[in-house]
Amino acid sequence: MNIVLDISPGHLDLDTTLRCGQVFRWTRLGDWWFGMLGDVMVKMRQEKQFLNVKTSAAISESKLEDYLRLDDDLGAIIGGLSKDRIFRSVANQVSGLRLLRQDPWECLVSYICSRNCKIAMISRILNNLSQKFGKKVVWKRSVNYCFPEPNALCQAELSEIASCGLRYGKRQAYELKQIAKLVCEGAIDFEILRRMTYSETKKILLSFDHGVGNKVADCVLLFSLEKLEAFPVDVWVGRAVVQLYGKFLGSEFIQRIDRTRHLSARDYGILSEFGQMHFGRYAGYAQEYLYHWTRLQHNACDQ
DNA sequence: ATCCAGGATATCT
DNA sequence: AGATATCATGGA
């Protein structure tokens, strides 16, 4: 199947959007990006304001627009955030980065696996999990794997899950299995979570108690549960906020952050709430721009 | 060899 | 509450 989407000029940079580290299972081969949307293999490439998409099976155009969040008016969102002149200089160096509307189950698993890992390693883990537990899809000369269904992880042995290269071995495999079980039992219903407020949903995510802390919860909220006011803070975002907005945070805070390797719960809260207060309902977009910008500064995007 | 990466959690004081 | 130890991969 063949689809061509007409994007407003400057409102999509596909390379940046797929490579910036919000999502982990797209790979670029030649001019084309390959990935999976559900059980459909998708390849796409951008030619200026046109997005050329080919799929292994029928897929609705609206599904694609939904995934790319084309309902977000990027110009208006970034324009609004750029009333802050510090952010404006960041946005001038990162154009066409869009948040994606990810599948919540895949997003939750992805970020549980992400802790203390580099992006390349997260991709490797998720591809291993998919290859081992996901459905194989063959399309012309390409082979890819669906993301594992919750049921597949429910039934798996811990050692099998851990063998996919998880950073924390069987302990993390256990976390994934427990989360999968909650989804299978219906104790986690993403459609309900999607409709609740940020703080209600976050409280529930944190109550799972299986590898979901502040950072993982905020990523899932932002990238898959429609909470654009979420402001996840990792090492990079922490650095960016301290560097650019340190004057708002106080010198004793800056000194404390400087000395510690990992963010304490308290300092996570201070940074994340600063982001939410300062940037408002599109704080999540601001966060992603800051994240990508500071990684560009440090030449970390190709790692 | 040492350091670091989209951290969470149990166990101290 | 807040600091600390543990979990234990793989690339630079």
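Letters A, B, ... mirror the listed sequences (proteins, then strands); counts begin at 1.
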Subject >> All side-chain contact (heavy atoms from CB on, under 4.5 Å) counterparts of A:Asp84, not counting sequence neighbours >> reply: A:Ile86, A:Phe87, A:Tyr245, A:His278, A:Phe279
Original post:
Does a side-chain heavy-atom distance below 4.5 Å link A:Phe208 with A:Ile188?
Top reply: yes
Original post:
Counting only non-hydrogen atoms, which of residues 262-281 of chain A are less than 4.0 Å from DNA chain B?
Top reply: A:His262
Original post:
So what does A:Arg239 touch, heavy atoms closer than 4.0 Å: a base, only the sugar-phosphate, or nothing?
Top reply: sugar-phosphate
**OP:** Check A:Pro150 against A:Ala180 and note the closest heavy-atom contact, atom names and distance.
**Re:** O-CB, 3.5 Å
Original post:
Does A:Arg256 or A:Arg115 map to a spot on DNA chain C nearer the 5' end, using the closest nucleotide for each?
Top reply: A:Arg256
Original post:
Rounded to whole angstrom units, what separation is found between the NZ atom of A:Lys170 and the P atom of C:dA8?
Top reply: 10 Å
Original post:
Under a 4.5 Å side-chain heavy-atom rule over Ile, Leu, Val, Met, Phe, Trp and Tyr, are A:Leu244 and A:Val235 clustered together?
Top reply: no
**OP:** Could you walk me through whether A:Glu200 and A:Lys203 pass salt bridge (Lys or Arg N to Asp or Glu O under 4.0 Å), step by step?
**Re:** CA-CA 5 Å; A:Glu200 287 170 338; A:Lys203 196 178 297 178; over 6 Å; no
Original post:
Of all heavy-atom pairs between A:Ser110 and A:Ile122, which one has the smallest distance, and what is that distance?
Top reply: O-CG2, 4.1 Å
**OP:** Mind calculating the distance between CZ (A:Phe253) and P (C:dG2) to the nearest angstrom?
**Re:** 13 Å
Subject >> Over all atoms of both residues, closest heavy-atom pair of A:Arg167 and A:Cys117 >> reply: CB-SG, 3.6 Å
**OP:** To the nearest Å, give me how far apart CG (A:Leu108) and P (B:dG7) are.
**Re:** 15 Å
Original post:
What does A:Tyr174 touch in the nucleic acid at a heavy-atom separation under 4.0 angstrom: a base, only the sugar-phosphate, or nothing?
Top reply: nothing
Original post:
Taking the P atom of each, how far is B:dT11 from C:dA8, in whole Å?
Top reply: 15 Å
Original post:
If you group Ile, Leu, Val, Met, Phe, Trp and Tyr by side-chain heavy-atom gaps below 4.5 Å, do A:Met44 and A:Met36 land in one group?
Top reply: no
Subject >> Which nucleotides of DNA chain B pair, in dot-bracket form (Watson-Crick or G-U under 3.5 Å, | meaning another strand) >> reply: .||||.|||||||
Original post:
Any side-chain heavy atom of A:Ile257 within less than 4.5 Å of one from A:Asp267?
Top reply: yes
Original post:
Under 6.0 Å between ring centres, would you say that holds for A:Tyr111 and A:Phe24?
Top reply: yes
Using a cutoff of under 3.5 Å, can you pull out all pairs of nitrogen or oxygen atoms linking the protein to nucleotides 10-13 of chain B, with atom names and distances?
none

Original post:
Between A:Phe208 and A:Ser114, which is nearer to the 5' end of DNA chain B once each is assigned its nearest nucleotide?
Top reply: A:Ser114
Original post:
Heavy-atom distance under 4.5 Å between the side chains of A:Leu228 and A:Leu99, does that happen here?
Top reply: yes
Subject >> Separation of C:dC7 P from A:Leu158 CG (nearest whole Å) >> reply: 17 Å
Original post:
Which sits closer to the 5' end of DNA chain B, A:Val212 or A:Glu288, going by the nucleotide each is nearest to?
Top reply: A:Glu288
**OP:** Using the C1' atoms only, state how far C:dA5 lies from B:dG6, rounded to an integer number of Å.
**Re:** 22 Å
**OP:** Would you mind classifying the nucleic acid contact of A:Val237 as base, sugar-phosphate or nothing, using non-hydrogen atoms under 4.0 angstrom?
**Re:** base
Subject >> For atom CZ of A:Phe24 and atom C1' of B:dA5, their distance in whole Å >> reply: 12 Å
**OP:** Heavy atoms only: give me the nearest A:Tyr268-A:Pro232 pair and the separation to one decimal.
**Re:** OH-CA, 3.4 Å
**OP:** For A:His210, report the nucleic acid contact type (base, sugar-phosphate, nothing); a contact means any heavy atom under 4.0 Å.
**Re:** sugar-phosphate
Original post:
What is the distance from CD of A:Gln178 to P of B:dT9, rounded to the nearest Å?
Top reply: 13 Å
Original post:
Is A:Gly21 touching bases, backbone alone, or none of the nucleic acid, heavy atoms closer than 4.0 Å?
Top reply: base
**OP:** Report the distance from atom OH of A:Tyr111 to atom P of B:dA5, rounded to the nearest whole Å.
**Re:** 16 Å
**OP:** Could you tell me the separation between the SG atom of A:Cys146 and the CD atom of A:Gln131, rounded to the nearest 0.5 Å?
**Re:** 12.5 Å
With 3.5 Å as the limit, what N/O pairs link the protein to nucleotides 9-12 of chain C?
from   : atom 1 : to       : atom 2 : distance (Å)
C:dT9  : N3     : A:Arg167 : NE     : 3.4
C:dT9  : O4     : A:Arg167 : NH2    : 2.8
C:dG10 : OP1    : A:Arg124 : NH2    : 2.5

Original post:
Hey, is A:Tyr291 stacking on B:dG6? Ring centres under 5.5 Å, planes under 30°.
Top reply: yes
Original post:
Under the side-chain hydrogen bond (donor to acceptor under 3.5 Å, both in side chains) rule, what pairs show up with a residue in residues 70-81 of chain A, not counting sequence neighbours?
Top reply: A:Arg69-A:Asp72, A:Asp71-A:Arg101, A:Asp72-A:Tyr285
**OP:** Measure distances between side-chain N and O atoms of A:Gln287 and base N and O atoms of B:dG6, and say whether any donor-acceptor pair falls under 3.5 Å.
**Re:** yes
Subject >> Validation row: A:Ser159, A:Lys170 side chains within 4.5 angstrom (heavy atoms) >> reply: yes
Original post:
Rounded to the Å, how far apart are A:Ile122 CD1 and B:dG7 C1'?
Top reply: 11 Å
